[in-house]
Amino acid sequence: MLVVKKKVESGKISRNAPCPCGSGKKYKRCCLNKATSAPPEDTQYAKKNRIRIKTPEQIEGIRRAGRLVIETLQMVAPHITPGTVTGTINTLVHDFTVSRNAVPAPLNYRGFPKSVCVSINEVICHGIPGGRALEEGDIVNVDVTSILDGYYADASQTFFVGEPDADARKIVDVSRQSLAEGMAVVKPGNTIGDIGSAIQSYAEGQGCSVVREFVGHGVGVDFHEAPQVPHYGRPGTGVRLVPGMVFTIEPMINLGKKELVVLDDGWTAVTKDGSLSAQFEQTLLVTDTGYESLTPYPL
Ligand code: MF3
Ligand code: CO
Ligand code: CO
């Protein structure tokens, strides 16, 4: 998601104010009294940070949506070959999702015109499927978000089209491992800053750069919830992780510099220097001892 700069919090939220979680409901009808399975101190803590701690029922719903997202990526994978048009990937994802009585979350989301994001080579994210045919040597990220029974799960992978050259292999390997490094520090007591720090130190250590403008995000009841999860940062800073939080980690890693440009379509984000960019994303649940991926695939 795009980084949203928050207003500095002042005082307490009025019961009749719009809920800060972005639901559009009044605070008192939404997060103020939300029942959760978390211990009371965690619930208080999460409310303070405007984060929904998910109930067991919500977690099972997101897990089911996550299974569908992974099945969708598995369905698409064999089509990532030279000559496949990105619009065909969109149709495959759309029809598969609808056939499972689910809804593709991107379609009409803030005006996004298609059902999946397909981002090739120097495209960092939010590529709009269309007439472009995949070519031998391309790298292509497919980012799937499905809504099943009202619950959202969000995951992406970057695929090789045919045989990658050394640069393509490098950026895909570094971005995959960047997600792994972030996931490895997800456990209660660690912070959002620990995740960003783990990713940034690894990726920059490999001579790559971390995109700043887009971040991971809470997910599950809505597409984009609190907290934001930057893929850079300092250890020990930011929100403390507690069981029941569900958020994505989705580092966008560039082979060259970190700067980006958004094209005139208002969506497609590309590297300013034209260098390759890659991304992997999973939806994670914080558990008592660490995490469970709700969109699991091997890294
Ligand atoms: N799936 C993207 C994410 O990881 C968001 C895509 S928004 C869209 O947050 F509108 F482009 F689909
Ligand atoms: Co996401
Ligand atoms: Co996504």
Side-chain angles (χ1 to χ4, degrees), residues 1-4 22 51-52 62 65-73 76 86-87 89-94 97 102-120 123-130 140-148 151-159 175-176 178-179 182-183 186 192 195-196 199 210-231 245-253 260 262-270 277-285 291 293-297 299:
M1 71 172 291
L2 184 65
V3 173
V4 181
I51 294 163
R52 291 188 176 105
I62 303 164
R67 284 192 203 112
L68 176 58
V69 167
I70 292 307
E71 283 183 63
T72 308
L73 287 166
V76 162
T86 56
I89 297 170
N90 181 69
T91 303
L92 287 166
V93 169
H94 182 91
T97 305
V103 175
L107 187 59
N108 302 318
Y109 176 77
R110 299 182 180 218
F112 192 80
K114 296 288 178 179
S115 297
V116 62
C117 297
V118 179
S119 302
I120 302 172
V123 179
I124 293 168
C125 64
H126 301 165
I128 303 173
V140 52
N141 177 277
V142 179
D143 190 340
V144 175
T145 312
S146 302
I147 314 169
L148 181 63
Y151 295 109
Y152 292 71
D154 186 7
S156 83
Q157 286 177 289
T158 300
F159 300 94
S175 65
R176 185 192 295 105
S178 293
L179 173 55
M183 286 166 60
V186 174
I192 292 286
I195 298 171
I199 293 168
V210 177
V211 169
R212 304 295 205 266
E213 287 86 346
F214 301 102
V215 295
H217 51 91
V219 66
V221 175
D222 278 314
F223 201 160
H224 295 112
E225 304 177 10
Q228 297 186 4
V229 184
H231 305 110
M245 284 185 186
V246 176
F247 55 80
T248 72
I249 303 179
E250 50 180 298
M252 285 141 275
I253 308 297
L260 65 74
V262 176
L263 301 187
D264 286 340
D265 61 24
W267 283 102
T268 312
V270 302
S277 184
Q279 179 180 26
F280 290 80
E281 172 177 27
Q282 294 192 24
T283 294
L284 308 174
L285 165 70
Y291 68 88
S293 178
L294 303 180
T295 54
Y297 59 79
L299 286 171

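One-based numbering along the sequence shown. Order of listing sets the numbers, starting from 1, for every ligand and every atom in it.
- A donor-acceptor contact shorter than 3.5 Å is absent between the side chain of Thr97 and the backbone of Val103.
- Taking CG of Leu260 as the start and CZ of Arg212 as the end, the distance is 11.0 Å to the nearest 0.5 Å.
- Of all the heavy atoms of Asp154, the ones lying under 4.0 Å from any atom of ligand 1 belong exclusively to the side chain.
- Here the protein heavy atom with the shortest distance to atom 7 (S) of ligand 1 is Tyr109 CD2, 3.8 Å.
- With waters neither drawn nor counted, the protein N/O/S atoms under 2.8 Å from the Co ion (ligand 3) amount to 4.
- Under 4.0 Å from ligand 1, the heavy atoms of Cys117 that appear belong solely to its side chain.
- Counting heavy atoms from C-beta on, the side chains of His224 and Tyr109 come closer than 4.5 Å.
- Note: Phe112 and Trp267 have perpendicular aromatic rings, judged against thresholds of 30 and 60 degrees for the angle between ring planes.
- In summary, an N, O or S atom of His217 is located under 2.8 Å from the Co ion (ligand 2).
- With hydrogens and angles disregarded, no donor-acceptor distance shorter than 3.5 Å links the side chain of Ser277 to the backbone of Val123.
- Relative to atom 6 (C) of ligand 1, the option among Met1, Glu281, His126, Glu250 with the closest non-hydrogen atom is His126.
- For atom 12 (F) of ligand 1, the closest heavy atom belonging to the protein is Pro106 CB, 3.1 Å.
- A donor-acceptor pair under 3.5 Å links the side-chain atoms of Thr86 to the main chain of Gly130, judged by distance alone.
- To the nearest 0.5 Å, atom CG of residue Leu68 and atom OH of residue Tyr151 are 15.5 Å apart.
- Shortest contact from atom 9 (O) of ligand 1 to any protein heavy atom: His224 NE2, 2.9 Å.
- Side chain of Tyr291 to main chain of Val246: no donor-acceptor pair is present (N/O by atom type, distance under 3.5 Å, no hydrogens or angles).
- Of the inter-residue distances, the one linking Phe223 atom CZ with Thr145 atom OG1 reads 3.5 Å to the nearest 0.5 angstrom.
- Summary of contacts: the protein heavy atom closest to atom 2 (C) of ligand 1 is Asp143 OD2, 3.4 Å.
- Every atom of ligand 1 with a heavy atom of Thr145 under 4.0 Å away is listed here by number and element: 1 (N).
- Near Phe112, with a cut-off below 4.0 Å to any heavy atom, the atoms of ligand 1 are 8 (C), 10 (F), 11 (F), 12 (F).
- With hydrogens and angles ignored, the 3.5 Å screen pairs no side-chain donor or acceptor of His231 with any backbone N or O of Val211.
- Under a 4.0 angstrom heavy-atom cut-off, Lys114 registers as lying outside contact with ligand 1.
- Annotation: Trp267 places no N or O atom under 3.5 Å from an N or O atom of ligand 1; distance criterion only.
- Looking only at distances, no side-chain donor or acceptor of Thr283 sits under 3.5 Å from a matching main-chain atom of Thr295.
- Distance CG/Leu284 to CG/Leu179: 7.0 Å, rounded to 0.5 Å.
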